[in-house]
There are 2 protein chains.
Amino acid sequence: MAKIDDVARQAGVSKGTVSNVFSQKRPASKQATERVMKAARELNYVPNHIARSLVTKKTMAIGLTIPHGKFFFSAFHNQFINGVVLETSNYGYRVLLDMIPALEVKTPSLASYPIDGAIVLGPEEEDERINLLYQSRIPFVTVGKIINSNVADAPMVNNDNNQIIREICRYLIGLGHRDFLFLNAGERKTVSLERTAAFMESLSENRIDPQPHLIRYKPEIHSSEYMQYGYDESVQALNSPERKVTAIIADDDRTAFSAMNAIKDLGLRVPDDISIFVICGDLSMMNQATPALTGMDLQPSELGVQAVKLLMRKLNVLEGEHTGNCIVSSRIIERSSCSSIGGQAE
Amino acid sequence: MAKIDDVARQAGVSKGTVSNVFSQKRPASKQATERVMKAARELNYVPNHIARSLVTKKTMAIGLTIPHGKFFFSAFHNQFINGVVLETSNYGYRVLLDMIPALEVKTPSLASYPIDGAIVLGPEEEDERINLLYQSRIPFVTVGKIINSNVADAPMVNNDNNQIIREICRYLIGLGHRDFLFLNAGERKTVSLERTAAFMESLSENRIDPQPHLIRYKPEIHSSEYMQYGYDESVQALNSPERKVTAIIADDDRTAFSAMNAIKDLGLRVPDDISIFVICGDLSMMNQATPALTGMDLQPSELGVQAVKLLMRKLNVLEGEHTGNCIVSSRIIERSSCSSIGGQAE
DNA sequence: CTGAAAGCGCTTACAG
DNA sequence: CTGAAAGCGCTTACAG
C-alpha cells in the first residue's frame, strides 16, 4: 500500500500538505489539493487509520460491551444494537463488539482497548466491565443503573424501571390479580434489582403479601436452554396443589412464550386461567402469539440511539451539555393475554 | 497513561524487555519478568493497542460488514452475529460492525479500515462492499455467493440454496400444491438469485408453469414497514378473483407472520386454505405462531462460526488448508402450517 | 536472554 | 498556505 511519502513525492509537496488534504484540518490550496488527489488516485493511496490514531489518540470507534459468557442476543438486544449502529454511523464512528472478560481470559497479553468510548449494556452488580473501563479511563455510558460500585458518575440511559413495574402492577391488580409469578431478568442485573424493589413496594402498597419465592431470575444460559427457564418455573409455580398464581410477569418474549407452553401443557388457558404480561419483548412477535401478548414498549432502539448521543456528548463530538441521564419513555401495549380475574376478557 | 518507557525506567530494563514480557514473543528471564510486572502494576501500565498495531500490522479485529441503508437485523442476522462474536473471541479477536458505504458518505476524510479481515454478510450483485474490500487488499469471506463481480476467489460460507429450494418445492408439490407465491429476500441479494433460479427449475421439472409475477422481492425498508411487505404482497396475490395461489414460501419469519395476518384478514385459514413455508426464520418464534410454522433450519449461528473459521484460516491464525468454501447443512422442520391441497392436515 | 536504535505511517506545533 | 522536523508508543532485526 502506498504511504504518505509516496504521495508527497509524486505530487511534489510535503507530507504535511498531503496530510492536510486528507484530514481537512488545515486549509490547502486548490492547486495542491488537486495534485495530491491525483497522485493519491494513481497510487491508490488511503491514509493509514492506525497511524493516524496513534497521533490523534482517536480510534473513531466505540465499544459495545455485551455481557460475557454463553451470551445470546434477544430481540431486545437486537433492536438496541440496531439503534446504536445506526446512530453511531451518523458521527463517522464504528462499533466494536466487545466481550471484555471473555477476551481477557483468552488473551494473556492484554492491551488497551482500541476505542474512544464505550456503551455498557445491562450492568450487573460489581460489574467487571465497569471497573475495567474506569481503570482504563475510557469514557463510557451505561444502559441501566450502576449499583454497588465505586463508579457512579457515568451517564446513564435507562427506562424508568420503577415506574414500569408500578404500572404493570396497577394494571394487573386492577384486573383483580393478587398472586403473581415474576420471571425476572438475570439475578445480578441491576435492572432486576430495580424491578424487584418496585414490585415488592407495589405489592405492599396494595396490601398484598409479597412472596419472594415467586420472584425468579433468569439463569445465565445458552440459547437453546433459554426456553426452558420460563417453562420450568411456570410448571413449578402452577403445578403445586396450593397454586394461587393467576398472572405471570415475564422479562422477555421468549420467557413468555415458554411460560405459555407450560400453561398449555398443564391444561390451563391464557388469559382465562393465567394472565401473562411481557416487560421487554419484540412487539411484532408478541402480536403473533395466540393470544397476542400484552406488554410494555420499552423502545430498545431509542435506548441505543440515546446511549450513543450521550456518549458522543461526553466525547465532545456532539455539542451540548452533559444533560446527565436520559430516561426513555415506555407504555403498555394492551393485547389479549391479560384478563380480569373472573376470567372475563378485558 | 504510563507508557513503555516509564515501565522500563522503573524496572531498570530496556523498552525491548518490557515489550518482550507483554508480547511474549521473545523469552524473558524470570527475574526481568517479575520486575517488569511489578513496575507495570505500580504504574497501571497496559500496552497501547494502537501503537502495537502500527508496527505489527495487526488490529486483532475483523469487520462484519452489514448491508447499508436503513438496515435492521432479523432473527437470522441476530443468531448469525452471535455465532460470529462467540467464535471470534476464541482467537482473541474482536468484531467491528461496519456499514461501509454509510460511513463513506459521512466521512469525507476516509481512511483505511482498521481490521485484519472481514466477513461480508448477504452479498449483492455488484456489491460495493466487496469492491472496496478487494481494493483495500483486506482478506475477506462472504456469507453467500458472489455473483457478477470480478472478485470471485473469496472463500464463502453458505447454505445450499439450490438444494433448499428444491427440497421445499418437492415437499410442497408432494402435498399437491402447484400455485405459489414466493416472498423472496431483497432483489439484489445473490441468495435471491440462487433461490429464484432453483425455484424456476423445480417448477418446470414438475411441468408447472412458472409465474414470474408471483416471485416477489423484499424492498429495502425500515423495520416498522417490514411487516407491510408480506402483508401487501399476500393480499394482492390472494385477493384477485382468479386467485389460485395455495402456498406461500416466505423468506423469513416476519414476512411469514405478516402473510398470516393477511390470510386471516381475507377470511382464509392456514393451512386449510393456504400453506406457509418459512425459509429462514427463528425456529422458536415460528413454533409460537398458531399454527406453528413449518420451515427450514438454516443454522445461522453455525454459518457465523464457519465464516470466522474460514477467515481465521485465511489470516493464518487458524491452521489448516484453505478448504475453500463451506456449506452448512439445513433441514426441514415440519410443523403445522403446510397441508395437502385437499385441506387435509399433514 | 537483553539493549540500543531504527522504524511503523501518520499529525502537528513551529517557523516562514 | 506550506515545509522540515519532532513525536505518537510500540516492535523488531541486529549485535552481543
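Residue numbers start from 1 in every chain, and the chains themselves are labelled A, B, ... in the order their sequence lines are given, proteins ahead of strands.
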Checklist entry - Is there side-chain contact between B/Glu124 and B/Ile130, with heavy atoms separated by less than 4.5 Å? => result no
Item to check | Side-chain heavy atoms of A/Ile138 within contact of A/Tyr113, under 4.5 Å | outcome: yes
Item to check | Counterpart base for C/dA13, defined by Watson-Crick or G-U wobble contacts under 3.5 Å | outcome: none
Checklist entry - So what's C/dA4 paired with, Watson-Crick or G-U wobble, going by both distances under 3.5 Å? => result none
Under-3.5 Å N/O pairs linking protein and nucleotides 1-5 of chain C:
unit_1 : atom_1 : unit_2  : atom_2 : d
C/dT2  : OP1    : B/Ser29 : OG     : 2.5
C/dT2  : OP2    : B/Ser29 : N      : 2.9
C/dG3  : OP2    : B/Ser14 : N      : 3.0
C/dG3  : OP2    : B/Ser14 : OG     : 2.9
C/dG3  : OP2    : B/Thr17 : OG1    : 2.5
C/dG3  : O6     : B/Arg26 : NH1    : 3.3
C/dG3  : O6     : B/Arg26 : NH2    : 3.3

Checklist entry - Should A/Asp5 and A/Lys3 be marked as a salt bridge (charged side-chain N to carboxylate O under 4.0 Å, His left out) after you check the CA-CA gap, both sets of side-chain angles, and the distance that decides it? => result CA-CA 6 Å; A/Asp5 304 76; A/Lys3 33 201 223 184; 5.3 Å; no
Checklist entry - Do A/Tyr134 and A/Phe140 have ring centroids that are under 6.0 Å from one another? => result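 That pair fails the under 6.0 Å test.
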Checklist entry - Sub-3.5 Å donor-acceptor pair from the side chain of B/Asp116 to the main-chain atoms of B/Met60, do we have one? => result yes
Report the distance from atom [atom1] of [X] to atom [atom2] of [N], rounded to the nearest whole Å.
X       : N      : atom1 : atom2 : answer
A/Leu43 : C/dG9  : CG    : P     : 14 Å
B/Gln24 : D/dT12 : CD    : P     : 13 Å
A/Phe22 : C/dT12 : CZ    : C1'   : 18 Å
B/Arg52 : D/dT12 : CZ    : C1'   : 13 Å
A/Lys3  : C/dC10 : NZ    : P     : 8 Å
B/Ile4  : D/dG9  : CD1   : C1'   : 8 Å
A/Asp5  : C/dG7  : CG    : P     : 12 Å
B/Leu54 : C/dT11 : CG    : P     : 12 Å

Checklist entry - Hey, is A/Lys30 close enough to A/Glu34 for a salt bridge, meaning N to O under 4.0 Å? => result no
Checklist entry - Between D/dT11, C/dG9, D/dG9, which one does the side chain of B/Ser19 approach most closely? => result D/dT11
Next on the checklist: Checking B/Leu303 against B/Phe76 for the side chain to side chain contact (heavy atoms under 4.5 Å, CB included) test, could you report, in this order, the C-alpha distance in whole Å, the side-chain angles of both residues, the deciding distance, and whether it holds?
Outcome noted: CA-CA 10 Å; B/Leu303 279 167; B/Phe76 179 87; 3.7 Å; yes
Checklist entry - Taking the C1' atom of each, how far is C/dT12 from C/dG16, in whole Å? => result 16 Å
